[in-house]
Amino acid sequence: MRLEWLDDILAVAEAGSLARAAQMRHVSQSAFTRRLRAIEEALGVPLFDRRRKPVVLLPEIEAQAGEMRALATQLRHLREALTQTSGARGLTLACQHAITTTHSPAIVSILTAQGGRSVRVRSDNRDECLLRLLSGEVDLAVVYAAPEIAPLTLNRAFEQVLLGRERLIPVAVPRLAQGEDLPFIGYPSDVFLGQVMARAIMPGVPAHRVLRRRAETALTLAAREYACRGIGVAWLPEGMVAEDLESGRLKSLVQSLPGQQMELWMIRLSDRSDDSWAHDWARLVAALAHPG
């Protein structure tokens, strides 16, 4: 039984509904629902009574809530004990896929400079990055936010620092740039960039442009490769395609198709029983924090 599974199950017990439990776990309700089903599949037993609205734990599972809380506490204590006995352990960083490529090298460079700590980088969707941070699986998360479209709503349990802003822009091979009927590469609706596409990009497409979904992927690296192969227009972070634009391999279509400004945030838990890397956090903030 994984600690984050216990935390998810207990969140439903404490919140009384999936919507409130998802808020407690700092993920979207759709992503949280998928995760609960994955837990049930992994364990091979049903955990929730979906005949009731709102969805609740089955009575026999609810009866085990006390034992699950005790087990979760024991696992946290064990994790902390193992961490402390390992001395100056490495740090684990969770980034959205595009950020892993474009921005994590600067963070890793600072943390590892002059014989500093080793760093492990995990790449995932935004909700999963925040879940890993909340569960203690990672020390630091770096994610995008799009105010008023897909905002980053965090409570006081988190300490966050703005690292900067970056545009999500439409790009394509030059031969596709002139057409009115354009194939494009989409993102799934349950990931951050899929939400940005649905709420900001697609409504802003001019009426005379016809976009036809040719492919879909949650990975920006894959979307970039599809665009470079001429499969369709892809909306990508500007930093990821800077070299492609300079070389002429890809062409920006921001003059005829909408883009979206995004914020880049670095986040850690503010209430840490083990704050042995406070100095590293301070170095990152001093080197990377955006003035606002």
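Values in this document were obtained by computation on a predicted structure and should not be read as measured data. Side chains are part of it too, since the values below use all heavy atoms of this structure and drop only hydrogens, waters and symmetry mates.
A parallel orientation is assigned to the rings of F192 and Y144, their planes being inclined by less than 30° (bins at 30° and 60°).
Formation of a donor-acceptor pair under 3.5 Å by the R126 side chain with backbone atoms of V143 is not found in this model. Remark: the backbone N or O of V108 is paired with a side-chain donor or acceptor of T112 at under 3.5 angstrom. For the pair N125 (side chain) and D127 (backbone), a donor-acceptor distance under 3.5 Å is absent.
Checking R122 against T92 by side-chain atom types alone, no donor-acceptor pair falls below 3.5 Å. In summary, the side chains of H97 and T220 do not present any donor paired with an acceptor at a separation below 3.5 Å, with no hydrogens or angles considered.
Here the closest heavy-atom approach between residue T102 and residue G239 is recorded as CG2-C, 3.9 Å. Considering every non-hydrogen atom in both A146 and Q260, the closest pair reads CB-NE2, 4.2 Å. Of all non-hydrogen atoms in C129 and Q96, the two that sit nearest each other are SG-N, 3.7 Å. The two atoms that bring L253 and A172 nearest to each other are CD1-CB, 4.1 Å, heavy atoms only.
Within 6.0 Å of the CZ atom in R213, the count of heavy atoms belonging to other residues, nucleotides or ligands exceeds 12. Heavy atoms from other residues, nucleotides or ligands lying under 6.0 Å from CZ of R120 number 12 at most. Heavy atoms from other residues, nucleotides or ligands lying under 6.0 Å from CD of E148 number 12 at most.
Not a single salt bridge (Lys or Arg N to Asp or Glu O under 4.0 Å) links E166 to another residue, sequence neighbours left out. In this view, A242 satisfies the side chain to side chain contact (heavy atoms under 4.5 Å, CB included) rule with no residue, not counting sequence neighbours.
Under the 4.0 Å criterion applied to side-chain N and carboxylate O atoms, R35 and E128 are assigned as salt-bridge partners. Ion pairing between a basic and an acidic side chain is recognised when a charged N comes within 4.0 Å of a carboxylate O; R37 and E41 show no such pairing. Under 4.0 Å is where a charged nitrogen must lie from a carboxylate oxygen, and between R268 and D139 no such pair does.
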Start with the C-alpha gap between T100 and D124, add the side-chain angles, then the distance that decides, and say whether side chain to side chain contact (heavy atoms under 4.5 Å, CB included) holds.
CA-CA 9 Å; T100 301; D124 221 322; over 6 Å; no
Take V56 and V12 through the test side chain to side chain contact (heavy atoms under 4.5 Å, CB included) and record every step on the way to the result.
CA-CA 7 Å; V56 294; V12 177; 5.6 Å; no
Walk me through it: do E40 and R50 pass the test salt bridge (Lys or Arg N to Asp or Glu O under 4.0 Å)?
CA-CA 13 Å; E40 289 179 311; R50 292 183 171 83; 2.9 Å; yes
Review item, side-chain donor-acceptor pairs of residues 13-22, under 3.5 Å, at least two apart:
unit_1 : atom_1 : unit_2 : atom_2 : d
S17    : OG     : R20    : N      : 3.2
R20    : NE     : A15    : O      : 2.9
R20    : NH2    : A15    : O      : 3.2

